[in-house]
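Right, one structure below, let's go through it.
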Amino acid sequence: MSVSLKDVAERAGVSIKTVSNVVNNYRHVTPAMRARVQRAIDELGYRPNLTARHLRKGRTGILALAVPELGNPYFAELAGAVIDVAAEHEYTVLLDHTGGRREKEILVSQGFRARVIDGLILSPIELEREDLLGRDHDAPLVLLGEREYDLPYDHIAIDNVAAARSAIRHLLAMGRSRIAFLGARTDRVNEPSHLRLRGWRAELTDAGLPAPDSMIARTGGWDHPDGAAAMARLLDSGVLPDAVFAYNDLIAIGAMRVLSERGLRIPGDVAVVGFDDIIEGRYGAVTLTTISPDKQTIARLAVRSVVERLRRTPNTADGRQPPAGAGTFETTRARELRADFRLVERESTVGRG
């Protein structure tokens with residue numbers, strides 16, 4: 001049998017309104033009264049009806065997260081982090097898979113689930129600036145990733161150029177000088193691959209080293225087979241790098257497979273650095289040095305951005321407090337928000353022991 005507000009009120013010896021004030025985190029409740037009601041809630045095992053609560057506010061209690069590929073470990077880990085953070089704000093997350101296709105990203109961004117969701121967190125690949133200019137859906141939209149749009153939507157990313165430079169700087173410090181880049185797509189200058197390529201080139205140039213096109217291997221996708229094929233093409237062309245910086249960990253792991261098949265030692269002959277810090281890179285025969293984006297911070301910034309825009313201000317007009325840890329958050333203009341990253345050194349560059 002479910003426990004009601006009335007049951008809690010009777011146990012605590014207070015009014016139903018007082019219980020409601022505590023459950024809804026109204027500020028004008030004394031600490032002693034809050035503790036008294038909370039004790040009754042804990043004793044009875046009361047759980048608020050979140051669906052009813054959201055409906056009373058004209059909300060569904062659902063946020064959407066749309067990513068290019070749920071099968072990619074990076075996006076799977078990010079989705080898990082978003083779900084956890086959303087739960088702290090009493091929201092459920094609806095996952096959507098765009099396949100990185102422009103038409104699907106347009107469909108998602110234009111609010112085809114407008115009656116289902118309160119807000120959208122979107123990680124686009126092919127979406128263009130003009131696709132969002134005519135967006136008339138008023139549900140908050142937050143953009144993830146490194147595509148640069150210059151639009152009135154909060155955008156959350158890491159500094160890809162700085163991250164790439166950190167990876168190359170590490171390889172240079174390890175004595176490497178012929179550093180290849182795997183995973184380039186130069187047809188869209190604002191894509192993450194281009195930004196990471198820009199960092200690769202800038203760091204080599206500052207070190208007084210060449211960054212020739214012959215050391216850049218393009219890929220048709222960003223998975224293991226793409227990395228393997230790109231590495232094979234590079235070696236077959238007669239280019240023998242002493243290090244590889246890959247667009248992501250999946251490409252790096254595919255490249256490492258080919259290097260091993262060709263009898264090249266990692267890192268003795270060729271050092272390898274990836275990007276994303278997926279779990280697979282931590283448990284291979286040779287563990288992978290990688291750039292690790294702060295996925296928890298990305299998730300927290302994304303969810304907080306949507307929730308605060310739904311509220312309009314950090315403290316709502318009805319007197320309720322935001323959830324603990326929400327802090328203040330500017331909601332009157334679009335923001336460029338940056339999450340941190342770090343270089344994780346493992347066997348693919350520093351060896352064992």
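Being a predicted model, the structure only gives us computed values, none of them experimental.
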Task: Tyr91 and Val307: CA distance, side-chain angles, deciding distance, side-chain contact (heavy atoms from CB on, under 4.5 Å) verdict - done: CA-CA 9 Å; Tyr91 274 91; Val307 170; 4.1 Å; yes
TODO: Test Glu88 against Val303 for side-chain contact (heavy atoms from CB on, under 4.5 Å), laying out the working first.
DONE: CA-CA 10 Å; Glu88 296 174 9; Val303 172; over 6 Å; no
Open item on the list: Determine whether His170 and Thr289 satisfy the following criterion, side chain to side chain donor-acceptor pair (under 3.5 Å), listing intermediate values before the conclusion.
Closed with: CA-CA 10 Å; His170 168 66; Thr289 293; 4.7 Å; no
Task: Chi angles and distances behind the side-chain contact (heavy atoms from CB on, under 4.5 Å) call for Arg201, Arg198 - done: CA-CA 5 Å; Arg201 196 184 303 277; Arg198 187 192 306 171; 5.9 Å; no
TODO: Evaluate the criterion side-chain contact (heavy atoms from CB on, under 4.5 Å) for residue pair Arg309 and Asp154; output intermediate values, then yes/no.
DONE: CA-CA 10 Å; Arg309 288 193 177 279; Asp154 287 345; 3.0 Å; yes
Open item on the list: Before you tell me yes or no, could you show the steps for Asp7 and Ser4 under side chain to side chain donor-acceptor pair (under 3.5 Å), namely the whole-Å CA-CA distance, both residues' side-chain angles and the distance that decides it to 0.1 Å?
Closed with: CA-CA 5 Å; Asp7 297 327; Ser4 67; 3.2 Å; yes
Sequence neighbours excluded and cut-off under 3.5 Å, please list the side-chain donor-acceptor pairs for residues 224-234, or say none.
from   : atom 1 : to     : atom 2 : distance (Å)
His224 : NE2    : Glu280 : OE1    : 3.2
His224 : NE2    : Glu280 : OE2    : 3.1
Asp226 : OD1    : Gly221 : N      : 3.3
Asp226 : OD2    : Trp222 : N      : 3.2
Asp226 : OD2    : Asp223 : N      : 2.8
Arg233 : NH2    : Arg218 : O      : 2.5

Please tabulate, for side-chain N and O atoms in residues 66-82, each donor-acceptor pair with protein atoms closer than 3.5 Å (sequence neighbours left out).
from  : atom 1 : to     : atom 2 : distance (Å)
Asn72 : OD1    : Tyr74  : N      : 2.8
Glu77 : OE1    : Lys295 : NZ     : 3.3
Glu77 : OE2    : Ile279 : N      : 3.3

Side-chain donor-acceptor pairs of residues 172-180 under 3.5 Å, sequence neighbours excluded:
from   : atom 1 : to     : atom 2 : distance (Å)
Arg176 : NH1    : Asp242 : O      : 2.8
Arg176 : NH1    : Pro267 : O      : 3.1
Arg176 : NH2    : Pro267 : O      : 2.7
Arg178 : NE     : Leu240 : O      : 3.1
Arg178 : NH2    : Leu240 : O      : 3.4

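For Glu336, the side chain to side chain donor-acceptor pair (under 3.5 Å) test picks out His155, with sequence neighbours left out. Annotation: ring-ring contact (aromatic ring centres under 6.0 Å, His included) contacts of Phe245 (sequence neighbours excluded): Phe181. Every salt bridge (charged side-chain N to carboxylate O under 4.0 Å, His left out) that Arg101 has, sequence neighbours left out, goes to Glu103.
Contact of the Leu141 side chain with the Leu132 side chain is registered, since non-hydrogen atoms from C-beta on lie closer than 4.5 Å. Counting heavy atoms from C-beta on, the side chains of Val306 and Ile121 come closer than 4.5 Å. A heavy-atom distance below 4.5 Å is found between the side chains of Thr349 and Leu171. At least one side-chain heavy atom of Val93 sits under 4.5 Å from a side-chain heavy atom of Leu95. Contact check for Leu264 versus Leu235: side-chain heavy atoms found under the 4.5 Å cut-off.
In the displayed structure, Arg262 atom CZ is contacted under 6.0 Å by more than 12 heavy atoms of other residues, nucleotides or ligands.
Atom CD1 of Ile41 sits about 13.0 Å away from atom CZ of Arg36, to the nearest 0.5 Å. To the nearest 0.5 Å, atoms CG (Leu94) and CD1 (Ile83) are separated by 10.0 Å. We find the CD1-CG distance between Ile117 and Leu63 to be 8.0 Å, quoted to the nearest 0.5 Å. The structure places CG of Asp84 at 7.0 Å from CD of Gln296, a figure rounded to the nearest 0.5 Å. Between Thr92 atom OG1 and Ile62 atom CD1 the span is 6.0 Å, to the nearest 0.5 Å. If you take CG on Leu259 and CD1 on Ile266, they are separated by 5.0 Å, rounding to the nearest 0.5 Å.
Nearest heavy atoms, Pro241 versus Val244: CG-CG2, 4.2 Å. Listed here is the closest heavy atom pair of Leu195 and Val161: O-CG2, 3.5 Å. Contact record, Ala163 with Ile291: O-CD1, 3.4 Å, taken as the closest heavy-atom pair. The minimum heavy-atom distance between Ile298 and Ala339, with the atom names listed, is CG1-CB, 3.5 Å. When all heavy atoms of Thr219 and Gly183 are compared, the closest pair comes out as OG1-CA, 3.4 Å. Here the closest non-hydrogen pair linking Ala12 and Val37 is CB-CA, 4.3 Å.
The backbone N or O of Glu203 sits nowhere less than 3.5 Å from a side-chain atom of Asp206 that would complete a donor-acceptor pair. Judged by distance alone, with hydrogens and angles left aside, the side-chain atoms of Asp249 form a donor-acceptor pair with the main-chain N or O of Ile278 at under 3.5 Å. Ser166 places no side-chain N or O within donor-acceptor distance of the main-chain N or O of Ala162, the cut-off being under 3.5 Å. Side-chain atoms of Thr290 never come within 3.5 Å of backbone atoms of Val344 as a donor-acceptor pair (strictly under, hydrogens ignored). Arg196 contributes no side-chain N or O that, together with a main-chain N or O of Asn160, makes up a donor-acceptor pair within less than 3.5 Å. Using modelled atom types, one side-chain atom of Glu105 and one backbone atom of Leu127 make a donor-acceptor pair closer than 3.5 Å. The closest donor-acceptor contact from the side chain of Lys6 to the backbone of Ile16 lies at 3.5 Å or more, if one exists at all. Remark: side-chain polar atoms of Glu347 are paired, donor with acceptor, to backbone N or O of Thr287 under 3.5 angstrom.
Salt-bridge check for Arg346 with Asp277: passed, with a basic side-chain N closer than 4.0 Å to an acidic carboxylate O.
Note on Leu133: it clusters hydrophobically with Tyr153, by side-chain heavy-atom contacts below 4.5 Å among ILVMFWY residues.
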